[in-house]
Structures are given as C-alpha cells and as structure tokens.
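Just below is one structure, and these are the notes that go with it.
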2 protein chains.
Amino acid sequence: MELQIISEGRRGAYAKRRMAEFADRCRQGGLAVTPQRLAIIEALLAATDHPRAETIFAAVRKLHPHISLATVHRTLETLCQIGEARKVTMLHDSARYDGNLAPHHHVVCVRCRRIRDVEISGLERVIDSNAELKGFRPLGWSLEIQALCDSCRKEASDARRRGRRQALK
Amino acid sequence: MELQIISEGRRGAYAKRRMAEFADRCRQGGLAVTPQRLAIIEALLAATDHPRAETIFAAVRKLHPHISLATVHRTLETLCQIGEARKVTMLHDSARYDGNLAPHHHVVCVRCRRIRDVEISGLERVIDSNAELKGFRPLGWSLEIQALCDSCRKEASDARRRGRRQALK
DNA sequence: GCCTAGATGATAATTATTACCATCCGATAC
DNA sequence: GTATCGGATGGTAATAATTATCATCTAGGC
Ligand SMILES: [Mn+2]
Ligand SMILES: [Mn+2]
Ligand SMILES: [Zn+2]
Ligand SMILES: [Zn+2]
C-alpha cells in the first residue's frame, strides 16, 4: 500500500469542471444560484488548505465586500448538505476525549455524534513513522468512519415517513 | 484485513491498571496528584463513549460537587499533554471545509493545524459499505494522520534551543 | 414586470473554551 | 509535624466559533 501527499497540480482543472456543473447542481438541490454561493464555492475550490469559514469569508470579501460572515457559515453548511463540499471531520463542535491509549480507530454517527472504538487488524502496518510524506513527520494516525447508528437510522426513517404523510395531507 | 467494534468488556481491567499507575505518571510529569485529577482520569477511564469536558464534569460532580468546569477543561488538556489521554481528533476547534469530493485522507500538523490531502492506494478496499460494524451503517471513511510539519518542527527545535540557553543562564 | 419563497445582511444569542486572579493545598525541606 | 511555596483550583469574565432572529432583498417562475 502506497501513501503520498496529493499534489496541488491538477486542482485547477478539477475546480473548473466543478464550477461548470455547480449552477445545475444547485437547481437540482432546489437551491437558488446566488452570487454569494458562486463566490463561496469558487473560493473553496481554489483553496487546497481546507479553510475555515473565516478564511473563505476573507477571500470572498475581496470581490464581494458586502457579504456577511453568517452567509458564509450558512452556505458552507448548505454545500455540505447537497454534497458539493465536505468537512474534514464532523467532530469539530467540541473536544472529545479518549482514555484508551492503544492505537485504534473510530466509527462516528454523523447524526448524534456517538463514537465507538474500532479495531482494524493489519492497518497498523499501512503507515509507519518512516512513511514518505513530504513536509510532514507522522506521529500517529486514526481512521474516522462516518456512519449512521441504528437508533438514528430508525429516527430518520420515521421522520421521513411522517414527512411524507404530512406532504400528502 | 478485518474490522470490528471493540467490545467494552475488558475495559474494567484496563482502567484499574491505568489508575494504579496514574499517581506515578503524574509525578513523573512533574504534576501534583490532586483529588480532582484522580476523579477526572477515573471518570475518563470509566467512559467508553469519548466524552466531552461537560460530560466528565457532570460525572465527576456527583462525588466532588465543588469541582469547577474550568478545572475539568484544564485537566483534560493536561492529561493529553502528559500522554494519559488523547483527543479523538485534534481538529475540533473550528470546522474545516474541503472542496475535494474524491475519497482521500489527510495529514494534520498537530501544532499549526495545516492540512494536506493524502492518497493511500489500496485503502479504499479496507472497508466497504457492507463492513461488519454492529450497530452502525458506514457511509464513508478517512484517515487522519497526526504529524508535525517541517516549519513547526523547525520552530519547535529552535524554541527548545532557546529554552536550554535560557535555563543555563 | 410581478410575485413569492427562499436567501441575505446585520446583529443578538448561544456554546465551547480560555484567561484571570484570589485563594488553596500537595510536595518538599526542615 | 510544621513551615514554605509554586503549582492547582474555583469562580467568573472574556474570547471565539457558530447559530438564531428578523427585516429586507432577489432569483426564478409566471
Ligand atoms: Mn477511542
Ligand atoms: Mn482534503
Ligand atoms: Zn446516531
Ligand atoms: Zn505545523
């Protein structure tokens, strides 16, 4: 198994393609195509550093000095919902502590943030501290598996059912 | 490669062993052994749910009604520093967005939070959506590699050098 | 062009975390 | 055991990130 940092080289072409599709994707998702949304997705696609909302805000502001920080927060969230962006981790709202020092991994429910330990036999070997990661010296690693826990899955499907009934009325 | 949720079964024995070593570990790290620290590490070792500071606070409060939430925050941070606890992810201070929808992984500098994309050929196969994860339905996954970036490594070693010189004066 | 649901900007509110500082107490030396 | 002192704690203020609220605006359908 080989491991390497993805170069920023071909990112321009990718961004261009994504921008071309973006307006349609919005309409498919039932969203209006606003100048703010265009500016925000453009800034996000131009960035390779996994920016925070504040960073996107600063970038977008140069062309749209009237944009509000709240709009940037809202829009980034919306983009994640329609699958045009993602978060690096969904565990960003509060620090979660772990007393288990043994190397292991985690499943995280995307809805209720429940976390359970996961063991993956063999994954320890995938990386070692000598791994080739230009510019970084690895110290540790852990896989985050995004998932839906059973109780959230149940709640979600119940809600969908209620929604449909509501819609039919 | 096999993948499964770690059972909570043997956690009791582990916790007991860690508690036995804890006082010595504190002294080794130059920390006083206070009732608050004992209560907090005990609560953390008893938990299997990767609690937030607030949750530990609630648990500890039952026996130490006078403990302060600030102490819990501080102590959990301290425990991480001496290696008696860890965070599930260190990217919890603000949401980091990613416009790259292709499945990939991340190196994160533990000091400056710089994030770069990483490709690991072959890791896609490790998990698939049918993976056996009792109670969870997997949706996606991504490896977080904790690391120290070159510029932080330089700064850190410079600081260490300055510190030593200072100490010699 | 007109209408309306949804989007935005400005700002207040909320939540998590850290800073501050007076007081306290665990560890060390006597 | 007692004195001493630097680090630890509690209470609270301050900060930072995010979300809520609401009046106003506008994209998209007619
Ligand atoms: Mn864990
Ligand atoms: Mn990425
Ligand atoms: Zn859940
Ligand atoms: Zn760094």
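Each chain gets a letter, A, B and so on, in the order the sequences are listed, and its residues count up from 1.
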Open item on the list: Please tell me if Q36(A) has a side-chain N or O lying less than 4.0 Å from either OP1 or OP2 of dG9(C).
Closed with: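 Indeed, a polar side-chain atom of Q36(A) lies that close.
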Looking only at the side chains, is there a donor atom on one of [X] and [Y] sitting less than 3.5 Å from an acceptor on the other?
X       : Y       : value
R114(B) : S151(B) : yes
R10(B)  : Y14(B)  : no
E8(B)   : T48(B)  : yes
H105(B) : D117(B) : no

Looking at the side chain of [X], which of [options] is the nearest nucleotide?
X      : options                   : value
S94(B) : dG11(D), dT18(D), dA10(C) : dT18(D)
I67(A) : dA27(D), dG9(C), dT9(D)   : dG9(C)
R52(A) : dT9(D), dA27(C), dA17(D)  : dA17(D)
V33(A) : dG26(C), dG28(D), dT18(D) : dG28(D)
T34(B) : dG11(D), dA17(D), dG26(C) : dG26(C)

In whole Å, what is the span from the [atom1] atom of [X] to the [atom2] atom of [N]?
X      : N       : atom1 : atom2 : value
R96(A) : dT15(C) : CZ    : C1'   : 15 Å
L38(B) : dA8(D)  : CG    : P     : 14 Å
K87(B) : dA16(C) : NZ    : P     : 15 Å
I56(B) : dA16(C) : CD1   : C1'   : 16 Å
H92(B) : dT18(D) : NE2   : C1'   : 16 Å
R37(B) : dC25(C) : CZ    : P     : 15 Å
D93(A) : dT17(C) : CG    : C1'   : 13 Å
L91(B) : dA17(D) : CG    : P     : 14 Å

Open item on the list: Could you walk me through whether T89(B) and E144(A) satisfy the side chain to side chain donor-acceptor pair (under 3.5 Å) test, starting with their C-alpha distance in whole Å, then the side-chain angles of each, then the deciding distance to 0.1 Å, before giving a yes or no?
Closed with: CA-CA 9 Å; T89(B) 175; E144(A) 175 181 313; 5.3 Å; no
Open item on the list: Within residues 69-81 of chain B, which residues have any heavy atom lying less than 4.0 Å from an atom of DNA chain C?
Closed with: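 Of all residues in residues 69-81 of chain B, the ones placing a heavy atom under 4.0 Å from DNA chain C are A70(B), H73(B), R74(B).
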- [ ] May I ask you to list the residues of residues 18-31 of chain B, by number, that have any heavy atom positioned under 4.0 Å from an atom of DNA chain C?
- [x]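 Per residue number, the list reads R27(B).
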Open item on the list: Any side-chain to backbone donor/acceptor pair from T75(A) onto T71(A)? Under 3.5 Å, distance only.
Closed with: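 Looks like yes, one N/O pair under 3.5 Å.
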Task: Angle by which the axis turns from one end of the helix from dG1(C)-dC30(D) to dC30(C)-dG1(D) to the other, five pairs per end, to 10 degrees - done: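 What I find for the helix from dG1(C)-dC30(D) to dC30(C)-dG1(D) is an axis angle of 40°.
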Task: N-O pairing of D158(A) and K154(A) below 4.0 Å - done: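 Here D158(A) pairs with K154(A) in a salt bridge, since their nearest N and O are under 4.0 Å apart.
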TODO: Assess whether atom CZ of R113(B) is packed by more than 12 heavy atoms of other residues, nucleotides or ligands within 6.0 Å.
DONE: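 Buried by this count: over 12 neighbours within 6.0 Å.
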- [ ] Please say whether more than 12 non-hydrogen atoms of neighbouring residues, nucleotides or ligands are located less than 6.0 Å from CZ in R61(B).
- [x]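 No, because the 6.0 Å sphere around CZ of R61(B) holds 12 heavy atoms or fewer from other groups.
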Open item on the list: Show, in sequence, the C-alpha distance, side-chain angles and deciding distance for D150(B) and F136(A), and conclude whether the side chain to side chain contact (heavy atoms under 4.5 Å, CB included) test is met.
Closed with: CA-CA 6 Å; D150(B) 282 354; F136(A) 291 86; over 6 Å; no
TODO: Check H50(B), Q146(B), E77(B) against K87(B) for a side chain to side chain donor-acceptor pair (under 3.5 Å) and give me the one that passes.
DONE: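 Testing K87(B) for a side chain to side chain donor-acceptor pair (under 3.5 Å) against H50(B), Q146(B), E77(B) leaves exactly one candidate, E77(B).
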Open item on the list: I want to confirm an ordering. Mapping Y97(B) and P35(B) to their closest nucleotides on DNA chain D, which one lands closer to the 5' end?
Closed with: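 Nearer the 5' end of the strand: P35(B).
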Task: Heavy-atom pair with the smallest gap, counting every atom of A53(A) and V72(A) - done: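 Nearest heavy atoms, A53(A) then V72(A): O-CG1, 3.5 Å.
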